[in-house]
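Single-structure report; data block below.
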Amino acid sequence: MEFNSFSFMLFFPITVGIYFVLPRKLRCIGLLAASYFFYMSWNAWYAILIGVSTMSSYFGAILIEKKQQSRKLFLILTILLNLIILFFFKYGNFVLNQITNGLYLITGKEYVWYLDVLLPIGISFYTFQVIGYLIDVYRGEIDAEKNILRYALFVSFFPQLVAGPIERSGNLLRQLREIEKINLWELKRIASGAILMVYGFFVKMVIADRIAKLVNTVYGDYAMYGAVELIVATAGFAIQIYCDFFSYSMIALGAARILGFHLMENFNAPFFADSTKDLWRRWHISLGSWFRDYVYIPLGGSRKGKVRKGGNLMITFLLSGLWHGANWTYVVWGGLQGFYQVVSDLTGNMKKKLTEKIGIRTNVFSWKLLKIVITFALFSFSLIFFRSETVGDAFRVIKRLFVRFDPWILFDGGLYEIGLNRTEMGILFFALIVLLLVDLVRYRKGMMIDAFLMSQNYWFGCFVVIVLLLATFVYGVYGPEFEAQQFIYFQF
Amino acid sequence: MEQVKRRQLIRKYIVRAGLFFASFLICFLFIVRTLRFKNTDGVYMMKTFYEQEPDTVDLLILGTSHAFENINPGVLWEEQGVASYILGGPNQRLWNTYYSLKEALKTQKPKLVLLEGYAVCFEGDYVTDGQIVSNTFGMQWSRNKKEAMEITIPKKRMGEFAPEYIRYHSRYTDLSSEDFLKDKGDPYYENWKGFFCNFNTMYYDTQDVSQISDRRELNEKNRVFYEKILQLCSDEQIPILIVISPYPNASPEDMMAFNTAEELAERYGAAFLNCVREPDRFPIDYSVESADAEHLNYKGNQRFTKQLSVYLSENYSLPDRRGEAGYYSWQKNAECLNAMIKNQELKEKVDKEKVLEGIGNSDYWIFASTDGDCSTADPNIAEYLEMLGIEEKGESGIWLRTDSDNEAVLVGTDAYSKYYRYDKTDFKASRSLEKDGLYRCELMADGMIYHPIANGLTLLFYDTVTESIAGCVGIDGDQGYRIVNWYDYAPEE
């Protein structure tokens with residue numbers, strides 16, 4: 001059941017309605033039932049996997065807490081068990097593929113080995129959430145949860161189950177422990193959640209799914225397109241993946257807020273970042289902070305010298321790339337992110353001296369804008385790997401950027417023949433302006449759209465929400481004429 | 001005090017929430033009204049049917065496009081004063097006809113149901129998406145509509161048609177004035193009775209199938225609902241007449257299906273009139289009276305409907321509603337149809353008689369312009385000028401005769417430009433000096449330029465009944481004052 005589906009439009013209000021009238025003691029079990037229903041709507045067998053993950057980590061955490069002497073062992077075992085499950089379902093076929101490729105190179109014989117398994121939706125997210133919890137218990141940052149139902153809800157909480165944010169026990173579990181005390185009938189909080197959801201649907205259905213048509217057209221047949229189309233499609237993919245993921249996070253945050261919970265933010269105007277380091281403070285924050293706290297810092301972080309720091313960064317980002325999918329393209333993408341950070345680190349002083357020598361003013365808008373543009377360009381470039389089917393494809397796309405330069409398509413109407421016609425481009429343009437303005441407010445004032453609108457006059461807030469709702473209704477990509485896109489991060 | 005403040009706060013929130021939802025609902029309903037389908041064939045038919053006064057429709061005509069293109073309610077009204085309404089749909093299957101009939105009987109109690117029975121020929125249990133929309137989306141939500149949709153749409157595809165806005169929300173690229181204006185901005189739809197008058201003419205080779213007496217099996221689903229229609233009429237004690245109207249490409253297979261349908265009708269005591277079997281009694285000249293392979297054009301439908309109305313008067317006692325209160329819309333509908341037909345005749349092959357007839361039509365605005373070296377002194381155009389009441393001697397310019405004037409008024413000479421408006425139609429009448437030192441007019445209506453000749457008299461006819469251009473001719477001085485029809489050379493719209 002996707003967020004942008006008719007079933008969810010029915011499921012969510014019914015769930016909220018029931019939840020709001022349930023006795024306080026039954027709230028936890030009510031939400032748990034709803035969460036499992038939500039998850040099983042994809043495939044009922046998934047419940048077994050998440051159940052295994054839940055039970056193993058539940059008991060694992062209790063043992064970690066109780067058995068002080070063998071706590072490290074229990075930590076490792078429980079993490080390993082969950083990683084094995086994740087590895088089996090997510091990377092099993094990838095590994096088999098590499099083995100068969102290697103055998104073919106050695107022996108010349110073709111082998112066809114594959115596992116007939118479906119990747120359970122959200123497994124990467126809840127596995128990491130569970131591992132984070134185990135480590136938090138190990139570190140003494142939180143007590144092991146004794147209430148199995150509450151813990152199961154922490155793992156399976158439906159707004160953030162399938163595509164994050166990857167919640168921390170210190171945030172979500174703590175709130176769940178107070179579930180009976182939450183005053184549900186707080187109208188401002190409900191309105192705030194509703195605004196976030198409305199905006200999330202707008203971004204997903206009007207922007208992300210619309211721009212996907214252009215991206216899919218060009219990347220689906222990249223050998224037919226020149227540099228300009230590929231640049232437009234690559235930048236478009238950057239916007240698509242941001243809007244897609246950001247919208248999911250907005251809907252998740254909004255839904256959780258209506259239910260009385262505050263999830264962590266996952267994006268903070270990332271395309272206003274002025275460096276790749278800054279970008280990763282703003283992009284997929286829950287994953288970035290997870291890797292920082294549970295991989296980078298335990299590896300030593302920046303405490304062991306520049307070389308070690310560089311190595312730690314590379315490992316962290318390579319793993320982060322691998323987390324995204326079982327394909328070398330994701331690994332290369334992750335590696336590029338690490339590379340950017342390492343190079344940025346190493347050249348920091350040199351850049352400063354150079355700008356001083358040339359006399360470039362760095363505390364002005366133009367310089368900031370240049371850095372923002374360069375950061376966006378670097379990030380978009382790396383997404384060529386993320387979007388391509390294979391590393392070879394990605395290199396072929398990059399090659400075409402240089403060998404087939406075709407600027408005339410910007411003037412001869414060719415831009416309207418790569419998936420979106422003039423009308424659709426116009427709609428996209430105006431929708432992107434809305435996105436830009438909302439992100440600008442976030443960047444400059446630190447306010448999300450709900451807070452901003454609620455700080456304005458009521459009529460203005462009403463007007464904006466009504467316009468967003470109607471725009472989604474009219475211009476949203478849904479219905480039999482369109483191919484509504486699944487959320488991209490569902491595949492991870 | 002606390003309680004008072006709390007109550008005030010709650011009241012404030014309720015008012016705000018109420019304002020929000022009310023504003024949203026108003027905007028949403030406007031958008032739905034604008035975007036939803038308004039197909040003339042199907043959706044709009046049902047919509048205007050609901051607008052008919054209850055218990056006013058005496059003859060309910062059902063069926064496919066054979067019904068709403070071959071049977072002319074304007075002619076039925078003029079011939080016999082029959083108040084009829086056509087509730088059909090494109091390629092409408094009999095299951096949709098059944099539910100349309102059920103829907104119609106909620107508000108009407110017709111004296112006769114006429115089922116145009118071409119649909120008995122159809123095979124297949126499901127139709128195209130466009131036909132699903134046309135045949136179901138016009139109905140108001142009810143159990144009847146739910147059943148109609150369930151029988152029309154494959155179960156696994158129901159989500160693609162309900163809720164309906166899934167289908168039409170993206171029509172923003174197709175919007176036109178029809179979506180915003182009442183009655184589609186066309187006076188014909190103000191008193192519409194479900195008829196689409198086809199003005200095309202296409203010669204179609206026919207074969208004589210009148211002697212075929214064999215039968216064939218009907219599609220099972222079709223047959224079931226055909227019998228349900230017959231049964232429903234029987235239960236409601238409404239006589240039903242199944243008519244097969246003449247059409248060019250009637251095939252032997254079609255006839256075999258009609259024969260089977262006739263046999264079934266007999267079992268229910270229903271009358272069956274197969275006009276294809278009786279070409280002598282219902283003659284049609286397919287060389288000039290067919291619009292395409294399936295339908296009659298404006299000449300054909302008039303002729304056929306006259307023949308049909310004779311049959312109806314001989315076999316049924318349908319009341320003559322002419323002059324009765326509550327039936328004014330049928331009169332207006334007939335007048336509008338007549339005006340449309342007259343306009344079409346003026347657009348087709350025109351001769352002097354037609355032009356003079358047009359000038360004599362008081363429903364027309366007429367722009368008259370002498371172009372090039374032509375003036376009112378020219379004896380070759382004197383007859384036209386006299387009919388227009390133009391008295392100026394030796395004058396060259398643009399005259400306008402509106403429907404309230406008997407005489408055309410000289411509105412401009414030499415270089416001239418002025419705008420006029422009739423209801424929603426904008427005109428621009430201008431004259432300019434050309435390179436040869438002579439003045440010529442340019443008549444523009446709703447963005448289209450009418451300029452048939454370089455020297456002579458130009459006449460632009462605008463029909464105030466249909467609010468459309470009725471015709472444009474030039475009496476061409478360069479071609480011996482031959483009548484030139486602008487529509488013979490007009491660019492395609």
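In this text the structure is predicted, and so the values were computed from the model without any measurement.
- When heavy atoms are compared at a cutoff of 4.5 Å, F473(A) approaches chain B by way of both its backbone and its side chain.
- Annotation: maximal heavy-atom pairing with chain B below 4.5 Å, among V474(A), I427(A), L187(A), occurs at V474(A).
- Aromatic ring orientation, F30(B) versus F180(B): tilted (interplanar angle from 30° to 60°).
- One finds a salt bridge joining D129(B) and R167(B) here, because a Lys/Arg side-chain nitrogen approaches an Asp/Glu carboxylate oxygen to under 4.0 Å.
- Of the residues listed (Y189(B), F37(B), F195(B)), the one engaging Y44(B) in a ring-ring contact (aromatic ring centres under 6.0 Å, His included) is Y189(B), and it is the only one.
- Residue contact with chain A, scored on non-hydrogen atoms closer than 4.5 Å, involves the backbone and the side chain of S23(B) alike.
- Applying the side-chain hydrogen bond (donor to acceptor under 3.5 Å, both in side chains) rule to pairs touching residues 6-19 of chain B yields nothing, sequence neighbours excluded.
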